[in-house]
There are 2 protein chains.
Amino acid sequence: MPAEDTRSRLVAHATNLFHREGFHAVGVDRLAADLGISKKTLYKQFRSKDELLTEVLDRCGDMAVQDFPDESDDASPRERLLGVFDAQRAYCEAPEFSGCFFVNIATEFRDPSHPAVRQACFHKSQLHGYVRRQADIAGAHDSESLAEQLVVLHTGAADYALLTGRYPATIRQAVEALLDVHGIH
Amino acid sequence: MPAEDTRSRLVAHATNLFHREGFHAVGVDRLAADLGISKKTLYKQFRSKDELLTEVLDRCGDMAVQDFPDESDDASPRERLLGVFDAQRAYCEAPEFSGCFFVNIATEFRDPSHPAVRQACFHKSQLHGYVRRQADIAGAHDSESLAEQLVVLHTGAADYALLTGRYPATIRQAVEALLDVHGIH
DNA sequence: CACCGAGGAAACAGATCTGTTTCCAGTGTG
DNA sequence: CACACTGGAAACAGATCTGTTTCCTCGGTG
C-alpha cells in the first residue's frame, strides 16, 4: 500500500476516534492496530501523536466550513442562515455524533495557546464571519450582535444535543425570532 | 486538625482544580501536597479519587441551583429569567472562570452512564424546570419551547465565554427577544 | 539463488498515574 | 519514662501511556 494512503487513513481514523473518545483516551497502539499497521509505520508518517492531531485539526477545519450553505447560490441570506442550523441538525442527529469536535478537544487542552484551542476559536470566528456577511447582505442594522447571538445558539445547540441525546427542536424558532428582531426577512 | 475539616478542604480544593484543569490532569499527589497532607490521609477520607469526584459533583450540583434567583422574592418571572443570565455573566467574568464545570467533566467522561455525565444532565434539567415554572407563572403559551431555547442559550453562552474569553454581551437582547415572542412581558 | 529493504510483532525505556505499604517522628497519656 | 496512636515522607506495586529499538519475515530484484 502506498505511504500516502496509510497517512490519510491514519488521519481519517484518528479524526473519528479523537472526536468520539478524546485525544488522550485513544492510544497510538490502538490506532495502529485498528488499521492493521505497526507503531513503527505510524511513527514514520508522523513524528509524534501531537503532529497527527495537528493534521486532524487542519482537515476538520477545512471540512467544517463546507457545511455552511454556499454563498454563491440563489438562496436569500435568511434561508442561508437557517440552513446553517439545518445542516447542524443533520450533523447532530447522525448516530456517531459526539459533540463539537473543536470544543471537545479544546476542553481537553485547557491551555488557550494550544493549537487545538486556537483552531476551535478560529472555527467559531469563521461561523461568526459567515453570519455577518449574510446579515450585511440582508441589510441588518446590527450584524455584529446577530452574529454573536447565532454563534452562541449554534454552540449551545451542539452541547444540548450531546448532553440530552436530542437536537433542540425549537432552535429554528429561536433563530427566526432573532432574525426578525434584526430585520432580516 | 479535625478530620472533617480535612475532608471539606479536600473537596473544596478538588472542586477548583478539577474545574480549572480537569479531573485527569490533577493527580492525587498534587491534591495532597497542596493541602499539606499525605496521600495516606487523603485515602483515609476517600476510598478512591472517583469517590472524591462524586462528592465534588454533589456539592457543585447543590451550589449551582442557588445561583437561580429566589422563586419566593417579589420579582416578576421575566426579571427572574433575565437574572439567571445576569448571574451567569458574573460567573463567567470571574477571573478563575474556565467553562461550565459539568460540561467540562462530562466531556472528559464520554460514557453517558458515568455519574459525572448524569450530573451534568441533571443540572441542565434543573435550569429547564426553573425556566418552565417562571414561564408558566407568566402565562407563556409554550413554556416547554422557551425552556429549551433558554437552556441552549445558557449553555452556549458559557462555551462562548470560555473560547473567546468574553461573555457575549448581546445575550440579554436575545433572551428578551425570546421572552417577547413567548408573550412574557 | 542471494541480497536488500519495508514493515509487523513485541520487547523495551522512561514517564506518569492510582492506590498500598513501610518506616519513622511527634504527641498525648498512664 | 513507656506506650500507643496519628499522620507525614517516601518507596513500592501495578497499570498505562508515548516513543524507540530489536528481531524476524516476506516480497521484490540483480
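Sequence lines set the chain letters: A, B, ... in the order given, protein chains first and strands last, and positions in each chain run from 1. Predicted, not measured: the structure shown is a model, and the values here were computed from it. Heavy-atom basis, side chains included; hydrogens, waters and symmetry copies ignored.
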A:Ile37 CD1 to C:dG8 P, in whole Å, measures 7 Å
Categorize A:Lys44 for me: base, sugar-phosphate, or nothing, with a 4.0 angstrom heavy-atom threshold over every strand shown.
sugar-phosphate
Contact check, residues 48-57 of chain A vs DNA chain D, heavy-atom distance under 4.0 Å, returns A:Ser48, A:Lys49
Is the shortest side-chain N to carboxylate O distance from B:Lys124 to A:Asp159 below 4.0 Å?
no
From CG of A:Leu31 over to P of D:dG19, roughly how many Å is that when rounded to an integer?
12 Å
Do the side chain of A:Lys39 and the base of C:dG8 come within less than 3.5 angstrom through a donor-acceptor pair of N or O atoms?
no
Euclidean distance, atom CZ of residue A:Arg30 to atom C1' of D:dT16 [Å, nearest integer]
14 Å
Would you check if the side chain of A:Thr41 reaches a backbone N or O of A:Ile37 as a donor-acceptor pair within less than 3.5 Å?
no
For atom CD of A:Gln45 and atom P of D:dT20, their distance in whole Å
15 Å
N/O (side chain, A:Ser38) to phosphate O (OP1/OP2, C:dA10) under 4.0 Å
no
Ion pair check, B:Arg7 and B:Glu55, cut-off under 4.0 Å:
yes
At less than 4.0 Å, is any side-chain N or O atom of B:Thr41 found next to OP1 or OP2 of D:dG8? Yes or no.
yes
Step through it carefully: locate the ring centre of B:His19, locate the ring centre of B:Phe102, and say whether they are under 6.0 Å apart.
no
When rounded to whole Å, the CG to P distance for the pair B:Asp5 and D:dG7 reads 12 Å
Send over the distance from B:Leu42 CG to C:dT20 P, rounded to a whole Å.
11 Å
Contacts of A:Tyr130 that satisfy ring-ring contact (aromatic ring centres under 6.0 Å, His included) - sequence neighbours left out
A:Phe68
The nucleotide from C:dG8, D:dG8, C:dT18 with an atom nearest the side chain of A:Lys40 is C:dG8
Are the side chain of B:Asn104 and the backbone of A:Thr107 linked by a donor-acceptor contact shorter than 3.5 Å?
no
Please check this pair: side chain of B:Arg110 against backbone of A:Arg20, looking for a donor-acceptor N/O pair closer than 3.5 Å.
yes
Here the distance between atom P of C:dA6 and atom CZ of A:Arg7, to the nearest Å, is 17 Å
With DNA chain D as reference, determine whether A:Arg47 or A:Ala25 sits nearer its 5' end, using the nearest nucleotide of each.
A:Ala25
Whole Å only: how far is the CG atom of B:Leu35 from the C1' atom of D:dG7?
15 Å
